[in-house]
> 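Take a look at the following structure, please.
What's counted below: heavy atoms across the whole structure, side chains too, no hydrogens, waters or symmetry copies.
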Amino acid sequence: MASSSSKLVLVMCFMISAFGIAIGAKFDQEFDITWGDGRAKILNNGDLLTLSLDKISGSGFQSKNEYLFGKIDMQLKLVPRNSAGTVTAYYLSSQGPTHDEIDFEFLGNLSGDPYTLHTNVFSQGKGNREQQFHLWFDPTADFHTYAITWNPQRIIFYVDGTPIREYKNSESIGVSYPKNQPMRIYSSLWNADDWATRGGLVKTDWSQAPFSASYRNFSANACIPTSSSSCSSNSAASTSNSWLNEELDNTSQERLKWVQKNYMVYDYCTDSKRFPQGFPADCVQNI
């Protein structure tokens, strides 16, 4: 039986949205290139999108649709070789000073060193919920799938189907949770050598430019706020809304623990120097 919060989102989606399924979607149909003056390109009949960065400018794109809960998948191949100073950001965000946001950010590094995968969750404009990981593969050698499940109970970050982070709804103890503001998908490739690599100690080597990242196989199984149709379990378009109640089973919990034991390099909930007066309340819920 669906939980009360799941029933609530079904009702919300029935009232305000259509259930969006964009499996194998074309980039030219689902996204707008928003900046970069030609440095972002949609290729291969809409199946491939590339971003590039040089000393003058980076580039970026955003989804045409906004989403209110869903499962979002994207395959990325990151900047190869010496990517120090660069950031490839892929995230969901609403707008305004009290925005909500769910982040994947890939922080480049010197050749041979691992990328740092930076994750964060913002609610009502408040973030500071960082967890960082190294990956167990070379993310520049081939495409890998980075996914976000966002439902009323939790947010789960996945890499190639393996959960790396779960952020639970902690409203019961007074912590706000992203649930009311629709969010678009954004991605950008940009220079952040003031902080991205070893806290800004390693600068971007512009002799390696242009830097390039590639995207393919986007899919969104999500509620899209419009004024038509429904987002209920009875919707004809709703071939799968399992994400609405998705949680980690025992096997997935073990895989999550494996990642966090072997590949996590930073967790805000263990940073006692940062929080000398005590850890944030949501740390209790997200142990």
Side-chain angles (χ1 to χ4, degrees), residues 22-27 30-31 40-44 46-53 58-61 63 70-84 86-92 102-121 130-150 155-167 185-190 196-197 211-222 243 246 248 251-252 254-266:
I23 306 298
K26 300 287 187 179
F27 281 101
E30 298 292 332
F31 293 92
K41 300 182 186 300
I42 296 175
L43 306 167
N44 296 358
D47 291 333
L48 179 71
L49 191 152
T50 62
L51 296 181
S52 66
L53 163 69
S59 51
F61 64 89
S63 62
K71 182 156 191 177
I72 309 296
D73 293 72
M74 185 84 80
Q75 289 194 325
L76 280 74
K77 183 163 68 172
L78 300 180
V79 175
R81 300 181 300 279
N82 183 359
S83 58
T86 71
V87 173
T88 306
Y90 158 54
Y91 59 103
L92 289 161
I102 304 169
D103 292 341
F104 275 117
E105 290 187 312
F106 303 89
L107 313 184
N109 220 327
L110 293 170
S111 297
D113 288 344
Y115 261 80
T116 297
L117 171 51
H118 176 99
T119 66
N120 204 352
V121 175
E130 302 92 344
Q131 287 185 354
Q132 295 182 341
F133 306 83
H134 289 158
L135 296 168
W136 50 96
F137 53 82
D138 179 358
T140 75
D142 203 351
F143 287 91
H144 292 269
T145 302
Y146 303 92
I148 294 168
T149 292
W150 169 36
I155 297 161
I156 308 172
F157 297 78
Y158 291 94
V159 176
D160 286 339
T162 294
I164 65 167
R165 178 177 186 179
E166 179 183 27
Y167 182 82
I185 300 166
Y186 295 88
S187 190
S188 58
L189 175 56
W190 53 291
T197 305
F211 303 98
S212 180
S214 302
Y215 302 73
R216 73 180 187 188
N217 291 347
F218 164 73
S219 67
N221 197 343
W243 54 265
E246 186 169 329
L248 299 179
T251 300
S252 295
E254 289 303 312
R255 295 173 76 189
L256 175 70
K257 290 176 183 177
W258 172 78
V259 171
Q260 297 197 341
K261 177 182 177 180
N262 293 287
Y263 296 99
M264 180 184 283
V265 294
Y266 178 79

> Flag the pair V159 / F133 as yes when at least one side-chain heavy-atom distance between them is below 4.5 Å, and no otherwise.
no

> When you measure from the side chain of S187 to the backbone N and O of A89, does any donor-acceptor pair fall under 3.5 Å?
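Looks like yes, one N/O pair under 3.5 Å.
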
> Using side-chain heavy atoms (C-beta onward) and a distance below 4.5 Å, is L117 in contact with H134?
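Not in contact.
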
> Within the 4.5 Å heavy-atom criterion, are F104 and T119 side-chain neighbours or not?
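Counting from C-beta outward, F104 and T119 do come under 4.5 Å.
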
> Provide the closest heavy-atom pair for R165 versus E130 in the form atom of the first, atom of the second, distance.
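Between these two residues, the closest heavy atoms are NH1-C, 4.1 Å.
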
> With a 3.5 Å distance limit and no angle check, can you tell me whether N82 reaches the backbone of A84 through a side-chain donor-acceptor pair?
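Yes: the side chain of N82 pairs with the backbone of A84.
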
> Taking only residues two or more places apart in sequence, or in another chain, which ones meet D160 in a side chain to side chain donor-acceptor pair (under 3.5 Å)?
H144

> Is any side-chain heavy atom of M264 closer than 4.5 Å to one of Q260?
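The answer is yes, as the side chains (C-beta and beyond) meet within the 4.5 Å cut-off.
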
> Look only at the side chain of S63 and the backbone of I185, and say whether a donor-acceptor pair between them is shorter than 3.5 Å.
yes

> Go through it in stages, so that I can follow the logic: the residues are T88 and Y215, the test is side chain to side chain contact (heavy atoms under 4.5 Å, CB included), and I'd like the CA-CA distance, side-chain angles, deciding distance and then a yes or no.
CA-CA 11 Å; T88 306; Y215 302 73; 3.3 Å; yes

> Identify the residue among T50, L43, L51 that makes a side chain to side chain contact (heavy atoms under 4.5 Å, CB included) with S214.
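The single option meeting the side chain to side chain contact (heavy atoms under 4.5 Å, CB included) with S214 is T50.
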
> Within a strict 4.5 Å, meaning less than it, do heavy atoms of the Y158 and R255 side chains meet?
no

> Hey, does W150 have a side-chain heavy atom less than 4.5 Å from the side chain of I155?
yes

> Give, for atom CZ of R216 and atom CG of L48, the distance between the pair rounded to the nearest 0.5 Å.
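Here the interatomic distance stands at 8.5 Å.
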
> Once you round to the nearest 0.5 Å, how far does CH2 of W243 lie from NZ of K71?
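W243 CH2 to K71 NZ: 11.5 Å, rounded to 0.5 Å.
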
> Going from NZ on K41 to OG on S52, what distance comes out if it is rounded to the nearest 0.5 angstrom?
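So the gap between those two atoms works out to 7.0 Å.
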
> Kindly compute the distance separating CG (L53) from OG1 (T86), expressed to the nearest 0.5 Å.
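The distance works out to 7.0 Å.
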
> Shortest non-hydrogen contact from F157 to D103?
CE2-O, 3.2 Å

> Over all heavy atoms of both residues, which pair between Y90 and L76 is shortest? Give the atoms and the distance, please.
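Looks like CD2-CD1, 4.2 Å.
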
> Using side-chain heavy atoms (C-beta onward) and a distance below 4.5 Å, is F106 in contact with T140?
no

> Where is the tightest heavy-atom contact between E166 and L248, given as atom of each residue plus distance?
OE1-CD1, 3.8 Å

> Would you name the heavy atoms of P80 and S212 that are closest together and state the gap between them?
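Heavy atoms only, the tightest pair is CD-O, 3.9 Å.
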
> I'd like to check the ring pair (Phe, Tyr, Trp, His ring centres under 6.0 Å) partners of Y263; sequence neighbours left out, ordered by chain and number.
W136, W258

> Under the side chain to side chain contact (heavy atoms under 4.5 Å, CB included) criterion, do L107 and Q132 qualify, and how do the steps go?
CA-CA 10 Å; L107 313 184; Q132 295 182 341; 4.2 Å; yes

> Please round to the nearest 0.5 Å and tell me the distance separating atom CG of N44 and atom CZ of F27.
10.5 Å

> What distance separates T251 OG1 from L256 CG, expressed to the nearest 0.5 Å?
12.5 Å

> Under 3.5 Å, side chain of S83 to main-chain N/O of N109, donor-acceptor pair present?
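Yes, S83 side chain to N109 backbone: donor-acceptor pair under 3.5 Å.
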
> Would you confirm whether the ring centroid of F218 sits within less than 6.0 angstrom of the ring centroid of F31?
yes

> Looking at Y115 and V79, would you say the former's side chain and the latter's main chain have a donor-acceptor pair under 3.5 Å?
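Such a contact is found between Y115 side chain and V79 backbone.
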
> Can you see which heavy atom on A147 is nearest to which on D73, and at what distance?
CB-OD2, 3.5 Å

> Kindly indicate whether the side chain of Y146, heavy atoms from C-beta on, has any atom under 4.5 Å from the side chain of I164.
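With C-beta onward as the side chain, the pair stays apart.
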
